[in-house]
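First up is the structure itself, then whatever we jot down about it.
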Amino acid sequence: MNLSSELKIRTPEGVMFSYRLAGPITRSLAWGIDFVILAMLTIGLQVAIGMLHLITGDFGDAIGVLLYFGLTFGYGILLEWLWRGQTVGKRILHLRVLDATGLRLQFHQVLLRNLLRAVDILPAFYMVGGLTALLNRRAQRLGDLAAGTVVVHSPTYAEPNLEQLLAGKFNSLRSSPHLAARLRQRVSPDEARLALTALLRREAYDADARIALFAELAAHFKELVAFPAEDVDSLPDEQYVRNVVDILFRTKAEPAAPRAEAERDAALV
């Protein structure tokens, strides 16, 4: 298998995403970091169980077994759900769990892939899971195959000069702050980065490709959150995407401009 292979996903809105798949070696290193953290937590748990045993006897041992089971499986489930597909090890190595079809990662997927670690780890050191990952083109272990997930590289990027890119434009989407907050919640980091990259490279596209690209992006974001018609109907697709990026990457809004001035800016895009 080519460890540097890519996963390409086209959403129903026609937006294409490309991810570099994480190979077994990188995933093993991330698991090693998580294993060390779990080992330290387990030592602390054993101390607590010992103290509980002195107080409650065998009942304390039973509680200890339940706590150990919860720690072993709950670590990955809790962190991957709260951190959108990342544990401490994955975060350090810039890896992330994604739905294999490009949809939003669901809790039942996180739960299933982590519960099946009990099978992937057999007979020792993730031999079953490692061999499975080596033998399929998406580097998926059994838990990933059952849950419909993949693990990809999620690199960090240097932030561009957003003030230069976005300043001076009235953003009608900010007139609905509750919807803007919902948009920030629903857009994934990769979707946000794609929209920002499209704006940064807008001059490099020919006219037809540029129109098609921003039409697809605008349609995708409109599907995620529906803003009032009076705030979006007069916006060209590129300006709509610019407004979305402004909400996603800038915490402070520009002073509101009169609507006539906003419409004039939109017409000039």
Closest non-hydrogen atom pair between Leu134 and Pro24, with its separation:
CD2-CG, 3.7 Å
Which heavy atom of Leu116 sits nearest to which heavy atom of Ala146, and what is that distance?
CD1-CB, 3.4 Å
Around atom OH of Tyr75, are there more than 12 heavy atoms of other residues, nucleotides or ligands at under 6.0 Å?
yes
Taking atom CZ of Phe125 as the centre, report whether more than 12 heavy atoms of other residues, nucleotides or ligands fall under 6.0 Å from it.
no
Nearest-0.5 Å distance that lies between atom [atom1] in [X] and atom [atom2] in [Y]:
X      : Y      : atom1 : atom2 : answer
Arg96  : Arg91  : CZ    : CZ    : 7.5 Å
Gln239 : Ser172 : CD    : OG    : 8.0 Å
Leu112 : Ile77  : CG    : CD1   : 10.0 Å
Glu238 : Leu199 : CD    : CG    : 6.5 Å
Leu248 : Arg193 : CG    : CZ    : 11.0 Å

Ion pair check, Glu191 and Arg84, cut-off under 4.0 Å
no
When you compare the side chain of [Y] with that of [X], does any pair of heavy atoms fall below 4.5 Å?
X      : Y      : value
Leu235 : Arg242 : no
Phe221 : Val225 : no
Leu111 : Phe73  : no
His220 : Glu216 : no
Asp99  : Gln106 : no
Leu217 : Tyr240 : no
Tyr19  : Val150 : no
Arg117 : Tyr126 : yes

Quick one: does any side-chain atom of [X] pair with a main-chain N or O of [Y] as donor and acceptor, under 3.5 Å?
X      : Y      : answer
Arg186 : Leu224 : yes
Asp120 : Leu142 : yes
Asp34  : Gly89  : yes
Glu80  : Thr87  : no
Gln140 : Thr132 : no
Asn243 : Asn171 : no

Check Val245, Ile247, Asp246 against Phe249 for a side chain to side chain contact (heavy atoms under 4.5 Å, CB included) and give me the one that passes.
Val245
Test Val110 against every option in Val97, Leu105, Leu82 by the side chain to side chain contact (heavy atoms under 4.5 Å, CB included) rule and name the one that passes.
Leu105
Show your reasoning for whether side-chain contact (heavy atoms from CB on, under 4.5 Å) applies to Arg210 and Glu203.
CA-CA 9 Å; Arg210 178 169 162 180; Glu203 299 298 338; 4.1 Å; yes
What do the steps show when you test Leu71 against Leu38 for side-chain contact (heavy atoms from CB on, under 4.5 Å), and what is the final call?
CA-CA 8 Å; Leu71 175 62; Leu38 271 172; 4.0 Å; yes
Only one of Arg138, Arg113, Gln109 passes side-chain hydrogen bond (donor to acceptor under 3.5 Å, both in side chains) with Asp144, and that residue is Arg113
